[in-house]
**Student:** 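Have a look at the structure that comes next, please.
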Amino acid sequence: ISSLEPGDKLVIHNGTYLMTSELNSNLQGTAENPIFIEGAANQDITFLGTSCSRNNAIVIDSEYLSIRNIFFNGADVSMRISNSNNILVEDCEMAYTCGNSITANIDETHHLYFMHNHIHHNGGHGEGFYLGKHQTGGIGPDVMHESIVYNNLVHDLAVTNPQQGDGIEIKPGSWANLVKDNVIYNSRYPGIIAYGTNGKARNIIEGNVVIDSKENGMQIQGDAIVRNNIIINSAGYGLQSKDHEGSAQNLSIMNNIIVGSVGAAITYANFGNRDNMILANNVIYNPGEVAIEISNGVNGGNVTSNVILGLFPTEISSGVTQGNGIATDFIDSTEMNYYPEDETFSNRNQYSGEPVENDYLYNSRSNTIYAGAFEKMNSIGYEIKKDFKYPSREQKIEIDKSFDECNNWEEEHPEWLHCDDFEEDKLTELYADRSIGETGFQISNLDSYLGESSLGQHYTDRKSVV
């Protein structure tokens, strides 16, 4: 592996490979000629770790490297990434480790892309993704920025010798990262936890599902946009925000669905007199318990058009409406179908300062704004599954849509190479079998994506295409 040069592609065939030493990849591809390491299509390739004192794979001082279709089984950590950029990890499985699954917590990393990986049954600290360094005493340079964690399935964490067990953790100072369309369940600590960005561009947490967290569903300090997520049955709070390694501020929580939690469905330890705190158009159902808890008042914050069941502070009464009931307002909560049954969530005044243009399924939000993650498009709804949100790149969501968000997109936006709304199999050609010397996968200028909400754009604002 150490001899791979820019443009090389290493294809690994069927078998179980005993990792008696760490796979140490110190590889430098280029934007035009990345290096590819991948399992052969339709074959089972396992890297079997043999010791809890060693990692399975280390990616260090590397760039423009793609790792795909490998099962990293056992060892201490499945993959440790350090001082690297433009790394794609896709279609891999990572399980049965003694510790965390994927870490990027030693040196600065940027433009990392984690897509469609299956992470489960780890142990010890047991974090699915540990991204950025926990720097005691302040925020240092060793952060992750401008990276994407997309469409991963993460579950059953810290199963053996449990200590922590976060699903996806974005550490202090890490900035301009996108956490999107992941499904996380049975995490021992919060399904998603994110700290502040130290004044840099906000992180976006969008379209994720967190089910049956054994602690908080999500814990978001601030400097983030949290929208179109679904959080179900948390053993702690549904979503918590508080000062933690920095101040809670610049936090927009919009159009989420939060149902059932032992603690408050949403709790703020620090909301009032903080910059840019928004709680708008959410569906927050915790019947008979606390729906919204705010400890320090709401002065200067914005609470708008939330639909709730449960207790709430009287000072936000103008920003909430009581729903009717879980059984009546959703199509079938017993089957995790949290799609609107009737018009209880409709005709909401969307927060004008930061509109949410699309919903959980990329339906455009109409003039009849719905609170929650779904804009009602049919009477069948959508069942949340403990599985990948998208089973493959090519498979569209099986739900009626009345629009095509890519209509005229490429004509109107010539700076983009491609738009895909998953209505057709457009990405197959772009991501078909690759050979040595073909162009790479770099996604440039992440901020252009972060300002938009089309899933297809996630793949498109780049200098070259896989």
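Side chains are part of it too, since the values below use all heavy atoms of this structure and drop only hydrogens, waters and symmetry mates. Positions are given from 1, in the same order as the sequence printed here. Not measured: the values here are computed from a predicted model.
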**Student:** Judged by atom type as modelled, is there a donor-acceptor pair below 3.5 Å linking the side chain of Asn161 to the main-chain atoms of Gly123?
**Tutor:**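 Between the backbone of Gly123 and the side chain of Asn161 there is no qualifying donor-acceptor contact (under 3.5 Å).
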
**Student:** Would you call the rings of His120 and Tyr96 parallel, tilted or perpendicular if under 30° counts as parallel and over 60° as perpendicular?
**Tutor:** perpendicular

**Student:** Where the side chain of Ser234 meets the backbone of Gly236, is there a donor-acceptor pair that is under 3.5 Å apart?
**Tutor:**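 Side chain of Ser234 to backbone of Gly236, a donor-acceptor pair under 3.5 Å: no, none is there.
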
**Student:** Under the 3.5 angstrom rule, does the side chain of Ser84 hit a backbone N or O of Ser82 as a donor-acceptor pair?
**Tutor:**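 Checked: pair present.
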
**Student:** Do you know which two heavy atoms are closest between Asn229 and Ala373, and how far apart they sit?
**Tutor:** O-CB, 4.2 Å

**Student:** Check this for me, if you would: do Asp156 and Lys386 make a salt bridge, where the nitrogen-to-carboxylate-oxygen distance has to be below 4.0 angstrom?
**Tutor:** no

**Student:** Is any side-chain heavy atom of Glu108 closer than 4.5 Å to one of Pro141?
**Tutor:**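 Pro141 does not reach Glu108 side chain to side chain.
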
**Student:** Just by distance, no angles: are the side chains of Asn55 and Glu22 close enough, under 3.5 Å, to form a donor-acceptor pair?
**Tutor:**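 Their side chains do contain a donor-acceptor pair, which is all the 3.5 Å distance test asks for.
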
**Student:** For Ile45 and Tyr17, work out which heavy atoms get closest and say how close.
**Tutor:** CG2-CE1, 4.1 Å

**Student:** Does the pair His110 and Glu146 meet the rule for a side chain to side chain donor-acceptor pair (under 3.5 Å), with working shown?
**Tutor:** CA-CA 6 Å; His110 60 90; Glu146 299 166 285; 5.3 Å; no

**Student:** Please find the pair of heavy atoms, one from Thr103 and one from Arg80, that lie closest to each other, and give the distance.
**Tutor:**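 Minimum heavy-atom contact is OG1-CG, 3.2 Å.
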
**Student:** For Phe374, what residues pass the ring-ring contact (aromatic ring centres under 6.0 Å, His included) criterion, not counting sequence neighbours?
**Tutor:** Tyr339, Tyr360

**Student:** Distance from Leu112 atom CG to Ile81 atom CD1, nearest 0.5 Å?
**Tutor:** 5.5 Å

**Student:** Mind running side-chain contact (heavy atoms from CB on, under 4.5 Å) on Ile204 and Arg227 for me, showing each step along the way?
**Tutor:** CA-CA 8 Å; Ile204 291 182; Arg227 63 192 178 203; 4.0 Å; yes

**Student:** Could you verify whether a donor N or O on one side chain and an acceptor N or O on the other, from Thr46 and Asn73, lie under 3.5 Å apart?
**Tutor:** no

**Student:** Indicate yes or no for a side-chain donor-acceptor contact from Asn85 to the backbone of Thr109 under 3.5 Å, with no hydrogens or angles considered.
**Tutor:** no

**Student:** Kindly indicate whether the side chain of Lys214, heavy atoms from C-beta on, has any atom under 4.5 Å from the side chain of Asn186.
**Tutor:**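 Yes, side chains in contact.
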
**Student:** Quick one: closest heavy-atom pair of Gly199 and Asp223, and the distance?
**Tutor:** N-OD2, 4.4 Å

**Student:** Look only at the side chain of Asn105 and the backbone of Gly132, and say whether a donor-acceptor pair between them is shorter than 3.5 Å.
**Tutor:** no

**Student:** Apply side chain to side chain donor-acceptor pair (under 3.5 Å) to Asp91 and Asn69, showing your working.
**Tutor:** CA-CA 5 Å; Asp91 293 332; Asn69 193 32; over 6 Å; no

**Student:** Determine, stepwise, if the pair Asn14 / Asp44 fulfils side chain to side chain donor-acceptor pair (under 3.5 Å).
**Tutor:** CA-CA 5 Å; Asn14 193 60; Asp44 295 324; over 6 Å; no

**Student:** Do Ile37 and Leu27 have side-chain heavy atoms sitting under 4.5 Å apart?
**Tutor:**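 Yes, close enough: below the 4.5 Å cut-off.
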
**Student:** Would you tell me whether Gln43 and His13 have side-chain atoms, one donor and one acceptor, within less than 3.5 Å of each other?
**Tutor:** yes

**Student:** Hydrogens and angles aside, do Asn363 and Glu375 bring a side-chain donor and acceptor to less than 3.5 Å of each other?
**Tutor:**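 On atom types as modelled, these side chains do not qualify, holding no pair under 3.5 Å.
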
**Student:** For a side-chain contact (heavy atoms from CB on, under 4.5 Å) check, start with the C-alpha distance between Met336 and Val209, then their side-chain angles and the critical distance, and finish with the verdict.
**Tutor:** CA-CA 11 Å; Met336 290 200 293; Val209 172; over 6 Å; no

**Student:** So, Asn228 versus Asp359: side-chain donor-acceptor pair below 3.5 Å or not?
**Tutor:**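 No, no side-chain donor-acceptor contact under 3.5 Å.
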
**Student:** Distance from Ser78 atom OG to Ile70 atom CD1, nearest 0.5 Å?
**Tutor:** 11.5 Å

**Student:** Please report the C-alpha distance between His111 and Asn86 in whole Å, then the side-chain angles of each, then the deciding distance to 0.1 Å, and finally whether the side-chain contact (heavy atoms from CB on, under 4.5 Å) criterion is met.
**Tutor:** CA-CA 5 Å; His111 295 88; Asn86 289 283; 3.7 Å; yes

**Student:** Would you say the side chain of Tyr185 lies within less than 4.5 Å of the side chain of Ile232, judging by non-hydrogen atoms?
**Tutor:**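 Ile232 does not reach Tyr185 side chain to side chain.
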
**Student:** Side chains of Asn182 and Asn152 only: does a donor on one sit below 3.5 Å from an acceptor on the other?
**Tutor:** yes

**Student:** Would you check if Phe129 and Glu127 make a side-chain contact, meaning some heavy-atom pair closer than 4.5 Å?
**Tutor:**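 No, their side chains stay 4.5 Å or more apart.
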
**Student:** With under 30° as parallel and over 60° as perpendicular, where do the rings of His134 and Tyr195 fit, or are they tilted in between?
**Tutor:** perpendicular

**Student:** Sub-3.5 Å donor-acceptor pair from the side chain of Thr50 to the main-chain atoms of Met19, do we have one?
**Tutor:**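 Looks like yes, one N/O pair under 3.5 Å.
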
**Student:** About how many Å separate CG of Leu157 and OG of Ser101, when rounded to the nearest 0.5 Å?
**Tutor:** 6.5 Å

**Student:** Where does the angle between the aromatic ring planes of His118 and Phe388 fall among parallel (under 30°), tilted (30 to 60°) and perpendicular (over 60°)?
**Tutor:** perpendicular

**Student:** Within the distance-only criterion (no hydrogens, no angle test), does the side chain of Ser62 pair as donor or acceptor with the backbone N or O of Ile60 below 3.5 angstrom?
**Tutor:**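 Pair found, side chain donor or acceptor close to backbone of Ile60.
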
**Student:** Going by the rule side chain to side chain donor-acceptor pair (under 3.5 Å), which residues pair with Asn100 if we only count those two or more places apart in sequence or in a different chain?
**Tutor:** none

**Student:** To check you understand the geometry: which heavy-atom pair defines the closest contact between Phe47 and Ile12, and what is its length?
**Tutor:** CZ-CD1, 3.6 Å

**Student:** Could you give me the CA-CA distance, side-chain angles and deciding distance for Asp181 and Asn151, then say whether side chain to side chain donor-acceptor pair (under 3.5 Å) is met?
**Tutor:** CA-CA 5 Å; Asp181 293 341; Asn151 194 31; over 6 Å; no

**Student:** Do you see a donor-acceptor pair shorter than 3.5 Å between the side chains of Gln221 and Glu245?
**Tutor:** no

**Student:** Determine, stepwise, if the pair Lys180 / Ile148 fulfils side-chain contact (heavy atoms from CB on, under 4.5 Å).
**Tutor:** CA-CA 8 Å; Lys180 188 175 180 69; Ile148 294 175; 5.9 Å; no

**Student:** Can you tell me how far CD of Gln249 sits from CE of Met277, rounded to the nearest 0.5 angstrom?
**Tutor:** 8.5 Å

**Student:** Looking only at atom types and distance, does a side-chain atom of Arg54 sit under 3.5 Å from a main-chain N or O of Ala75, one as donor and one as acceptor?
**Tutor:** no

**Student:** Using side-chain heavy atoms (C-beta onward) and a distance below 4.5 Å, is Asn198 in contact with Trp175?
**Tutor:** no

**Student:** Hey, does the side chain of Ser3 reach the backbone of Ile1 with a donor-acceptor pair shorter than 3.5 angstrom?
**Tutor:** no

**Student:** So which atom in Thr16 and which in Leu48 form the shortest heavy-atom distance, rounded to 0.1 Å?
**Tutor:**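 Taking every non-hydrogen atom into account, CG2-CB, 3.9 Å.
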
**Student:** Less than 4.0 angstrom from a charged side-chain N to a carboxylate O is my criterion; do Glu354 and Arg202 meet it?
**Tutor:**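 Salt bridge present between Glu354 and Arg202.
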
**Student:** Side chains of Tyr64 and Pro6: does their closest heavy-atom pair fall under 4.5 Å?
**Tutor:** no

**Student:** If we check side-chain contact (heavy atoms from CB on, under 4.5 Å) with His121, which of these qualifies: Thr160, Val159, Thr97?
**Tutor:** Val159

**Student:** Just by modelled atom types, is the Asn256 backbone N or O under 3.5 Å from a matching donor or acceptor in the Asn282 side chain?
**Tutor:** yes

**Student:** Would you mind reporting whether Tyr130 and Val77 have side-chain heavy atoms less than 4.5 Å apart?
**Tutor:** no

